[in-house]
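Positions are given from 1 along the sequence.
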Amino acid sequence: MKKIVVGLLAVFMFGNVQYLNAQKKGIVLVEAESFDEYGGWTIDAQFMDQMGSSYLMAHGMGNPVENAQTKVHFPTLGNYRVFIRTMNWVPGHLAGKFSIKIDGKSYEGFLKPTDDRNWKWYDVGIADIEKNEVLLELQDLTGFNGRCDAILFANINMEGFIPPNETEALFGFRNKILGMDKKWEKEEDFDLVVVGGGFSGICASVAAAKLGLKVALIQNRPVLGGNASSEVRVNPIGKTKYPPYFRNADIVNELLDTLPQRTYSQLNVVDDKRLDVVLKNNNIRLYLNTHANEVATKNNRIVSINAIDVRTNQKFTFEAPLFVDCTGDGTIGYLAGAEYRMGRESRCEFGESLAPLKQDSLFMGNTQYWYAKEESDLSDFPKCPWALPIENEAMYNVPTPRWPMLLVPGIAASSAWNWESGFNKNTIEDAEYIRDHNLRAIYGTWDFLKNKSPKKEKYSTAKMQWAATVLGKRESRRLVGDVLLTQNDIMDNKEFPDGCVTTTWYFDLHYPHPDNTKYFPGEEFRSIAYDDPNWKLYGDQFPGHFIPVDPYLIPFRCFYSKNVKNLMMAGRNISVTHVALATTRVMQTCGMMGTVVGRAAFILKKYNDDPETIYSKYLDEFKELLLDPESGTR
């Protein structure tokens, strides 16, 4: 059962604010993620590093969700000023309107249409607390993604009190009130700590555990699978059956399934299947809903990683001789001071024909799938004046790619992989904005189809069934290793002695779709890639052309940091250029990377050595292990 932590402020100094004796003055802080019952609200931990916490969100797709509720204890009765930390995610409107209820009394109106998108504290009003335990509720009023981080009650005697909002100050304030400013609790000793629970993280953990290593797998979501999970629903792709290292695919094959990605109940089964692949290994200790957010280093080595339970704020410290960053964002490497790259290299830097003439910060975008399903009854959808203004089909539609998403019977409308945005944004710092922009595109499109389209009768019995709130990212930080793989390495079939993971996907680069740019310049939500049937019509807007890839072995030296000595990586954060990432980033390939890194950890433990020595000292033994993984247990 989740526990509400109530803090009373005794005498201490924080910034320029002095808090007096708790018997006379006090604060009660309730973190939304620690509510007893979430109701229809869901926990979101994607943006903790940017806004300071996980939070609850009312994702009802136009239908108000069931109240979240919890009991709160007040040691001292009387009048309290109530603050709530939230944000107006569509400035100029109130898309996500909600209220708080204190023992049945409703408080709303704290958000204004003119509010900006910043997370901050709002003064809700005065509550008269007449008993020691009260029922606190979050009541969704729109069904459109209202969000709450925390609710704070300040004794009315604390005149002029305003909670801190700047990230670092807020973090310290919360820790002091909640009694979480003690040292982090050290977990047991591990041989390997893996951060990130997508295909690469699962495979790295399982591969190492099967060879006897004691592994911690840390995942900040409630499910495993990353982009292939029920939260995102991307079909894993990338071929695996190529010599010489057929056994790289062992664990990847355990994670695959043929179920349609849009069927939610079935996808939960797939989530469970991937969870079982991890749990059946006694050498793995799994930490779900646990966000790694601090790294301690010494002499260019990671000493420990700190992580926090996103529901309870419990703190953990993990120590090990080896770490693997499978976060996709390169978060652990970044926090450890690893060298990294973001954006597109210039064509002249490596002579890549698919690179732009000048270096820039254009990214491949972020996708959120959605779909509407045919039902037997008529259904309505609220008008969304705050969504993207979709007034005709051309404003959202683009040509269907040559390899479209497979249609599922009963689906009235849906997105595809090329519903994609965030090209011109920072995929880390602007992640919440990108997610919300995608939601505005989804809701605006469905509002058009249901309420405005000349074909709206076609959708009269259709209802939106699902829309992702978790970003499906393609590109982020790329940590730099001893080899930085380029387009020409792959095209020229340059042979590296430590080549070990086969990549087969083509140079699948994505760009903002020009047809979408006409209506939403700089804020596109549809993409174009080489398989668009009208690619050639756009002339010189995009560099290059479709180039298939012969099976190519990525060198192991792309899988560890060149300057953080005990850090390896697997997934879309490996050491490649932007162009080379286009072929290495697909999930089954990333899973094989994880498998190889996990098996490398076995050799590194055996000799108490660092990842760079795989190439310089143990290459023959490493290759033998990849050919015959059981050789490590004989």
Side-chain angles (χ1 to χ4, degrees), residues 45-51 194-201 204 218-221 225-229 231-232 234 291-293 295 323-345 355 359-368 417 420-435 437-438 468 470-481 484-485 505 508-512 527 554 558-561 564 567-587 589-591 593-594 597:
Q46 296 175 87
F47 316 114
M48 290 181 67
D49 294 334
Q50 288 72 46
M51 53 74 63
V194 179
V195 185
F199 267 41
S200 56
I218 303 170
Q219 163 73 328
N220 65 358
R221 305 297 309 166
N227 281 347
S229 74
E231 295 184 316
V232 186
V234 177
H291 180 63
N293 61 351
V295 175
F323 297 84
V324 184
D325 188 334
C326 297
T327 63
D329 283 333
T331 302
I332 302 305
Y334 171 76
L335 293 173
E339 184 179 333
Y340 70 93
R341 289 177 173 236
M342 291 185 78
R344 303 193 296 177
E345 290 84 2
Q359 177 184 349
D360 63 27
S361 57
L362 187 76
F363 292 92
M364 287 182 278
N366 304 258
T367 287
Q368 286 162 242
W417 58 262
E420 183 178 350
S421 74
F423 306 96
N424 299 294
K425 307 295 182 185
N426 185 306
T427 191
I428 297 170
E429 297 301 323
D430 300 324
E432 189 171 16
Y433 177 89
I434 294 168
R435 191 274 305 277
H437 184 70
N438 284 340
V470 177
L471 287 171
K473 291 189 180 184
R474 286 181 176 81
E475 181 175 8
S476 189
R477 298 187 190 101
R478 305 185 302 279
L479 306 179
V480 178
L484 184 74
L485 194 70
W505 197 244
D508 187 10
L509 292 164
H510 292 208
Y511 305 92
S527 68
I554 307 168
C558 292
F559 302 149
Y560 62 85
S561 168
V564 179
L567 176 65
M568 294 185 284
M569 56 270 192
R572 66 172 181 269
N573 59 356
I574 66 167
S575 183
V576 292
T577 64
H578 166 83
V579 176
L581 175 69
T583 176
T584 62
R585 63 182 171 81
V586 293
M587 274 186 279
T589 303
C590 291
M593 296 177 198
V597 163

* Asked: Between atom CD of E345 and atom CG of D360, what is the distance when rounded to the nearest 0.5 Å?
  -> 10.0 Å
* **T331 side, atom OG1; I428 side, atom CD1 - distance, nearest 0.5 Å** => 6.0 Å
* To do: Please name the pair of heavy atoms, one in I434 and one in S421, separated by the smallest distance, quoted to 0.1 Å.
  => CG2-OG, 3.6 Å
* Mind checking salt bridge (Lys or Arg N to Asp or Glu O under 4.0 Å) for R474 and listing every partner two or more places apart, or none if nothing turns up? => E420
* **Closest non-hydrogen atom pair between G472 and V232, with its separation** => CA-CG1, 3.6 Å
* To do: Heavy atoms only: give me the nearest S200-C590 pair and the separation to one decimal.
  => CB-O, 3.4 Å
* **Residue pair L362 / N424, side-chain heavy-atom distance below 4.5 Å** => yes
* To do: Starting at NE2 of H291, measure out to CG of D49 and round the result to the nearest 0.5 Å.
  => 3.5 Å
* Structure fact -> In short, L581 meets R478 closest at the heavy-atom pair CD2-CD, 4.2 Å
* **M364 backbone acceptor or donor facing E475 side chain under 3.5 Å** => yes
* Report yes if the side chains of S561 and L479 come closer than 4.5 Å at any heavy-atom pair, otherwise no. => no
* Please confirm whether the backbone N or O of W417 pairs with a side-chain atom of T367, one donor and one acceptor, at under 3.5 Å? => yes
* Run the numbers on R221 and Q46 for side-chain contact (heavy atoms from CB on, under 4.5 Å), then give the verdict. => CA-CA 8 Å; R221 305 297 309 166; Q46 296 175 87; 3.8 Å; yes
* To do: Decide side-chain contact (heavy atoms from CB on, under 4.5 Å) for M569 and M593; before the verdict, give the C-alpha distance in whole Å, the side-chain angles of both, and the deciding distance to 0.1 Å.
  => CA-CA 8 Å; M569 56 270 192; M593 296 177 198; over 6 Å; no
* Ignoring hydrogens and geometry, is there a side-chain-to-backbone donor-acceptor pair from T583 to W505 under 3.5 Å? -> yes
* Which heavy atom in C558 sits nearest to a heavy atom in L485, and how many Å separate them? -> SG-CB, 3.9 Å
* Structure fact -> For F363 and S476, the nearest pair of non-hydrogen atoms, with its separation, is CE2-O, 4.4 Å
* Asked: How about Y334: does its OH atom have over 12 heavy atoms from other parts shown lying under 6.0 Å from it?
  -> no
* Asked: Has the side chain of R341 got a donor or acceptor atom that lies under 3.5 Å from a matching backbone atom of S575?
  -> no
* Donor-acceptor contact present, side-chain K473 to main-chain T427, <3.5 Å -> yes
* Asked: Run the side-chain contact (heavy atoms from CB on, under 4.5 Å) check on N227 and R585 step by step: do they pass?
  -> CA-CA 11 Å; N227 281 347; R585 63 182 171 81; over 6 Å; no
* Spell out, as yes or no, whether a donor-acceptor pair under 3.5 Å connects the side chain of N573 to the backbone of D325. => yes
* Structure fact -> Value for CG (L471) from CG (D329), rounded to nearest 0.5 Å, stands at 9.5 Å
* Side-chain contact, heavy-atom cut-off 4.5 Å: Q50 with D430? -> no
* **Y433 OH to N426 CG distance, which is reported to the nearest 0.5 Å** => 14.0 Å
* Find the distance between CG (N366) and NE2 (H510) and round it off to the nearest 0.5 Å. => 12.0 Å
